[in-house]
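Numbering starts at 1 and runs along the sequence shown. We use all heavy atoms of the structure for the numbers below, so side chains are in, but hydrogens, waters and symmetry mates are not.
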Amino acid sequence: MWWLFGRKNGSGFSSSSTAEQVTEGIDGSNLTAIVTGATSGIGTETARVLAMRGVHVIMGVRNLVTAKDVKEAILKEIPSAKVDYMELDLSSMASVRKFASDFISSGLPLNILINNAGIFATPFALSEDNIELQFATNHMGHFLLTNLLLDTMKKTTHESKKEGRIVNVSSITHHLSRGIRFDQINDPSSYHMWFTYGQSKLANVLHANELARRFKEEGIDITANSLHPGAVLTNIFRHTNILSGLINTVGRFVFKNVQQGAATTCYVALHPQVKGMSGHYFEDCNVSTENSKARDTELAKKLWDFSLNLIK
């Protein structure tokens with residue numbers, strides 16, 4: 001089926017390119033990256049390929065047992081890999097704060113922050129901070145994490161003279177969003193698992209765009225971009241029983257595998273072609289077009305202020 005989707009664009013890569021292919025020949029040694037949600041799916045592949053290219057990868061994970069297995073698998077394949085893991089539950093502000101504090105205390109630099117973790121189409125629930133769970137995990141956790149690590153990234157960028165990169169893994173489903181319903185974030189009566197997921201993914205794009213605007217305004221050598229990884233066959237569909245069954249049956253014929261699904265993330269995080277590019281939305285390792293709401297600078301500023309108020 002990939003002959004339908006494999007057309008290469010300006011970057012020279014396409015939907016069928018893999019993470020290894022798009023980073024071939026790139027030396028990531030002397031770089032440190034945090035990858036959230038690195039114990040499954042495209043997060044694991046992102047961590048593996050970055051480590052393969054010499055990057056010191058810190059995996060932000062909920063399950064420490066699984067993280068240990070992932071680390072061991074990577075080291076078995078790549079004995080020279082630099083991979084560590086730290087506990088991180090993005091639905092919990094306390095957990096995010098502890099992760100950031102522990103990372104900062106480690107004294108490690110931070111060149112790349114990949115906000116990858118996410119949950120999809122869960123039944124309505126509130127986080128421990130009383131925020132709707134998809135919005136809390138997919139947007140708020142990453143918003144807080146990024147804010148807490150910005151000073152470390154700025155310091156690293158200044159001292160290393162290397163461009164810092166923030167990568168938000170969003171989704172094409174941000175096009176489904178009705179916008180950011182600020183006054184109905186926690187309203188169970190208006191909750192729809194698909195549209196709410198789309199809202200959280202729209203927030204990912206808006207967050208990256210607002211970061212990019214602020215970095216440009218401050219003259220900081222850090223870029224912020226968002227991306228759609230493609231329709232990837234992973235366990236993200238586990239909360240939708242009917243859809244999960246259908247996807248497991250036919251998905252392998254029409255969906256990307258994880259090697260292809262992690263390609264755009266690795267491309268945006270490492271490739272020299274992306275140097276200096278900020279505030280863009282990528283798909284299939286090429287610049288794509290987000291929806292009009294995602295390009296709304298006033299909405300991005302409003303979301304920033306709204307999120308800032310929530311983390312206080």
Side-chain angles (χ1 to χ4, degrees), residues 34-43 59-63 86-103 113-150 166-171 173-174 176-211 224 226 234-240 293-294 299-312:
I34 289 174
V35 181
T36 68
T39 53
S40 66
I42 63 175
M59 303 186 296
V61 301
R62 284 189 300 174
N63 189 323
M86 296 169 57
E87 189 170 12
L88 173 63
D89 180 354
L90 285 154
S91 71
S92 163
M93 290 193 194
S95 177
V96 174
R97 291 184 188 280
K98 185 178 187 307
F99 174 93
S101 176
D102 289 348
F103 180 83
L113 173 60
I114 299 178
N115 292 320
N116 164 80
I119 56 174
F120 171 72
T122 55
F124 179 82
L126 294 178
S127 72
E128 65 180 46
D129 303 294
N130 291 315
I131 302 169
E132 186 278 315
L133 196 58
Q134 290 195 83
F135 192 78
T137 305
N138 297 350
H139 168 62
M140 287 304 308
H142 285 129
F143 177 85
L144 175 59
L145 180 66
T146 303
N147 268 27
L148 293 173
L149 295 176
L150 271 183
I166 296 173
V167 183
N168 282 1
V169 178
S170 179
S171 166
T173 59
H174 82 272
L176 295 175
S177 173
R178 302 161 179 168
I180 306 295
R181 297 180 296 169
F182 296 101
D183 59 344
Q184 295 179 299
I185 293 293
N186 294 341
D187 179 13
S189 66
S190 61
Y191 182 80
H192 186 289
M193 60 178 64
W194 288 82
F195 290 128
T196 303
Y197 178 74
Q199 173 180 252
S200 71
K201 295 287 100 180
L202 172 62
N204 292 154
V205 184
L206 290 166
H207 177 215
N209 290 350
E210 178 62 9
L211 280 168
S226 58
T234 70
N235 69 354
I236 196 172
F237 300 101
R238 62 190 178 276
H239 295 291
T240 53
K293 291 185 180 69
L299 181 59
K301 292 176 186 176
K302 185 176 180 181
L303 175 63
W304 183 281
D305 292 340
F306 178 80
S307 303
L308 207 56
N309 187 57
L310 284 180
I311 65 175
K312 290 177 180 176

- [ ] In sequence, state the C-alpha distance, the side-chain angles, and the governing distance for Leu88 and Val61, and then conclude on side chain to side chain contact (heavy atoms under 4.5 Å, CB included).
- [x] CA-CA 5 Å; Leu88 173 63; Val61 301; over 6 Å; no
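- Under the 4.5 Å side-chain criterion, counting only non-hydrogen atoms from C-beta, Leu299 is in contact with Lys293.
- For the side chain to side chain donor-acceptor pair (under 3.5 Å) with Asn168, the qualifying choice from Lys201, His139, His207, His142 is His207, the only one to do so.
- The shortest non-hydrogen separation linking Asn186 to Pro188 is O-CD, 3.1 Å.
- Of the possible donor and acceptor atoms, none in the side chain of Ser170 sits under 3.5 Å from a partner among the backbone N and O of Asn204.
- Leu202 is listed as a side-chain neighbour of Ile180, based on a closest heavy-atom distance under 4.5 Å.
- Under the 3.5 Å distance criterion, the side-chain polar atoms of Glu132 are matched with a main-chain donor or acceptor of Phe135.
- Side-chain atoms of Lys302 and Leu206, non-hydrogen and from C-beta on, never get closer than 4.5 Å to each other.
- Interatomic distance, Ile114 CD1 to Met59 CE, rounded to the nearest 0.5 Å: 13.0 Å.
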Full working for salt bridge (charged side-chain N to carboxylate O under 4.0 Å, His left out) between Asp102 and Lys98 = CA-CA 6 Å; Asp102 289 348; Lys98 185 178 187 307; 2.7 Å; yes
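- A donor-acceptor pair shorter than 3.5 Å cannot be found between the side chains of Asp129 and Ser92.
- Taking 4.5 Å as the limit, some side-chain heavy atom of Leu144 sits within range of a side-chain heavy atom of Arg97.
- The two atoms that bring Val96 and Asp89 nearest to each other are CG2-O, 3.9 Å, heavy atoms only.
- Residues Leu113 and Leu145 form a side-chain contact, since some pair of their non-hydrogen atoms from C-beta on lies under 4.5 Å apart.
- Within the model, atoms CD of Glu128 and OG of Ser95 stand 8.0 Å from one another, a figure rounded to the nearest 0.5 Å.
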Q | Intermediate values then yes/no, side chain to side chain contact (heavy atoms under 4.5 Å, CB included), Tyr197 and Leu176 | A | CA-CA 9 Å; Tyr197 178 74; Leu176 295 175; over 6 Å; no
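- The structure places CE of Met86 at 7.5 Å from CZ of Phe103, a figure rounded to the nearest 0.5 Å.
- In this structure, Ser91 OG and Ile119 CD1 are separated by 7.0 Å, a value rounded to the nearest 0.5 Å.
- Atom CD of Gln199 sits about 9.0 Å away from atom CG of Leu303, to the nearest 0.5 Å.
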Given Asn138 and Ser200, is the side-chain hydrogen bond (donor to acceptor under 3.5 Å, both in side chains) satisfied, shown in steps? CA-CA 6 Å; Asn138 297 350; Ser200 71; 3.0 Å; yes
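- The CG atom of Asp305 sits 8.0 Å away from atom CD of Glu210, with the distance rounded to the nearest 0.5 Å.
- Asn147 has its side chain within reach of Trp304: a pair of non-hydrogen atoms, C-beta onward, lies under 4.5 Å apart.
- Residues Ala294 and Val205 approach most closely at CB-CG1, 3.7 Å, considering heavy atoms.
- Side chain of Glu87 to main chain of Gly60: no donor-acceptor pair is present (N/O by atom type, distance under 3.5 Å, no hydrogens or angles).
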Worked verdict on Leu126 versus Leu133 for side chain to side chain contact (heavy atoms under 4.5 Å, CB included) | CA-CA 5 Å; Leu126 294 178; Leu133 196 58; over 6 Å; no
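- Taking the side chain as every heavy atom from C-beta outward, Leu211 and Ile166 approach each other to under 4.5 Å.
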Q.
Please evaluate residues Ser190 and Arg181 with respect to the criterion side chain to side chain contact (heavy atoms under 4.5 Å, CB included), reporting the C-alpha separation (whole Å), side-chain torsions for both, the decisive distance (0.1 Å), and the verdict.
A. CA-CA 10 Å; Ser190 61; Arg181 297 180 296 169; 3.8 Å; yes
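- The aromatic rings of His192 and Phe195 sit tilted, their planes meeting at an angle between 30° and 60°.
- Inter-residue side-chain proximity for Thr196 and Phe124 is flagged as unmet; no heavy-atom pair is nearer than 4.5 Å.
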